[in-house]
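Quick note: residue numbers are just sequence positions, from 1. Order of appearance sets the numbers: ligands from 1, and atoms from 1 within every ligand.
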Amino acid sequence: MKSPFEIFRDPAAMRARAEDLRRDGRKIAVVPTMGALHEGHLTLVRHARARADVVILTIFVNPTQFGPKEDLSRYPRDEEGDLAKARPAGIDLAFCPSAEAMYVPGSQTFIEVRELQQPLEGASRPGHFAGVATIVSKLFHITKPHLAVFGEKDYQQLAIIRRMVRDLDFDIEIQGVPIVREVDGLALSSRNVYLSPEQRVAALSLSRGLAAAAAAFEAGERSSAALVAAARAPIEAEPLARIDYVELRDADELTTVERVERRAVLALAVFVGATRLIDNRVLA
Ligand code: AMP
């Protein structure tokens, strides 16, 4: 018999439930999110559903991965709406702790993935990935998954989590899911709700830039400078968009590349108005 849907807020209760599930021989998958769920998140849930006996969704807007000038306080929150979407997509349990439950007074231990955390998002958002790696490892310890599912939308985050799991011997399989986009190309993001209709149009320049670079790559272009220039052009032509970075990096080590000789990732971050959007495309 299928057990009833459960929401956990207390880390100790969640951990005890996960322990019971493991003892019963159930395969656990976890899908960590910050809520404000969209079709991208639901795709991760369905991916997990197809590969595990029990799917745990976590919803936690993690304060330690936001910088002092970022959107922590206004980040969209809608737990009820999220659960109404996630349940039919196939979750069995949700873990929705408070910040106080996750960071008890005196918390001072952080995980850093030294090299991979430096460039791209790490350069623009100091401390962000220490917050991410730390909360993900805490969520792993509490939900005890066999499998964890992340989106390639946050390419560097996925690379960092894979490396952390390898380096620290977490016994967890990490799977990545391709970026889910609107039909017009815009990568789904919880932050898209901040965009006005004009900004929504301007935001299409990100995926257009990536498509332009991919077309140049397909046509044989291998120079990093030329591929980056191809990606920048449509974004620079858009008055409402302001580039934070557009960079071509090695797909595994995230080191700089002059010419694409093995798998590379074109990653970008762009402000559209006050909203910072990220997107990427692997060139292989
Ligand atoms: P977030 O709630 O933004 O922290 O995202 C939670 C998870 O959903 C992360 O693993 C993201 O990479 C993933 N995700 C967010 N947007 C998308 C998308 N458009 N396509 C695929 N995965 C996504």
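The side chain of Leu44, and not its backbone, has at least one atom closer than 4.0 Å to an atom of ligand 1 (non-hydrogen atoms only; side chain from C-beta on). Looking at Ser190 against ligand 1, nothing comes within 4.0 Å, counting heavy atoms.
With respect to the salt-bridge test (charged N to carboxylate O, under 4.0 angstrom), the residues Arg200 and Asp184 qualify. Using a 4.0 Å cut-off between a side-chain N of Lys or Arg and a carboxylate O of Asp or Glu, Glu261 and Arg222 do not qualify as a salt bridge.
Geometrically, ligand 1 and Ala187 share no nitrogen or oxygen pair separated by less than 3.5 Å. When only interatomic distances are considered, the shortest N/O to N/O separation between Val180 and ligand 1 falls below 3.5 Å. The shortest N/O to N/O separation between Gly151 and ligand 1 falls below 3.5 Å. Of the N or O atoms in Met34, one or more lie within a sub-3.5 Å distance of an N or O in ligand 1.
Annotation: cation-pi pair Arg9/Phe95 absent, no NZ/CZ under 6.0 Å from the ring centroid and within 45° of its normal.
Residue contact check: His38 has heavy atoms under 4.0 Å from atoms 15 (C), 16 (N), 17 (C) of ligand 1. In the vicinity of Phe150, heavy-atom distances shorter than 4.0 Å reach the ligand 1 atoms 10 (O). Within ligand 1, the atoms closer than 4.0 Å to a non-hydrogen atom of Ile179 are 20 (N), 21 (C), numbered from 1 in the order shown. Of all atoms in ligand 1, listed by their number and element, those nearer than 4.0 Å to a heavy atom of Leu188 are 16 (N), 17 (C), 18 (C), 19 (N). Atoms of ligand 1 lying under 4.0 Å from at least one heavy atom of Pro32, given by number and element, are 6 (C), 7 (C). Set against the non-hydrogen atoms of Pro178, the atoms of ligand 1 under 4.0 Å away are 21 (C).
With rounding to the nearest 0.5 Å, the separation of NE2 in His41 from NZ in Lys85 is 9.5 Å.
Of all heavy-atom pairs between Glu152 and Pro178, the closest is OE1-CA, 3.5 Å. When all heavy atoms of Ala213 and Ala231 are compared, the closest pair comes out as CB-CB, 4.0 Å. Of all the heavy atoms in Glu253 and Leu116, the pair that sits closest is O-CD2, 3.3 Å.
Using cut-offs of 30° and 60° for the angle between ring planes, the Phe60 and Tyr103 rings count as tilted.
In terms of protein heavy atoms, atom 1 (P) of ligand 1 is closest to His41 NE2, 3.7 Å. Of the protein's non-hydrogen atoms, the one nearest atom 11 (C) of ligand 1 is Asp154 OD2, 3.0 Å.
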Show, in sequence, the C-alpha distance, side-chain angles and deciding distance for His128 and Glu121, and conclude whether the side chain to side chain donor-acceptor pair (under 3.5 Å) test is met. CA-CA 8 Å; His128 171 68; Glu121 288 300 282; 5.4 Å; no
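Remark: aromatic rings of Phe170 and His141 are close, center separation under 6.0 Å.
Ligand 1 lies out of reach of Ala36, whose nearest heavy atom is not under 4.0 Å from it.
Of all the listed residues (Arg191, His47, Lys153, Glu152), Lys153 holds the heavy atom that lies closest to atom 17 (C) of ligand 1.
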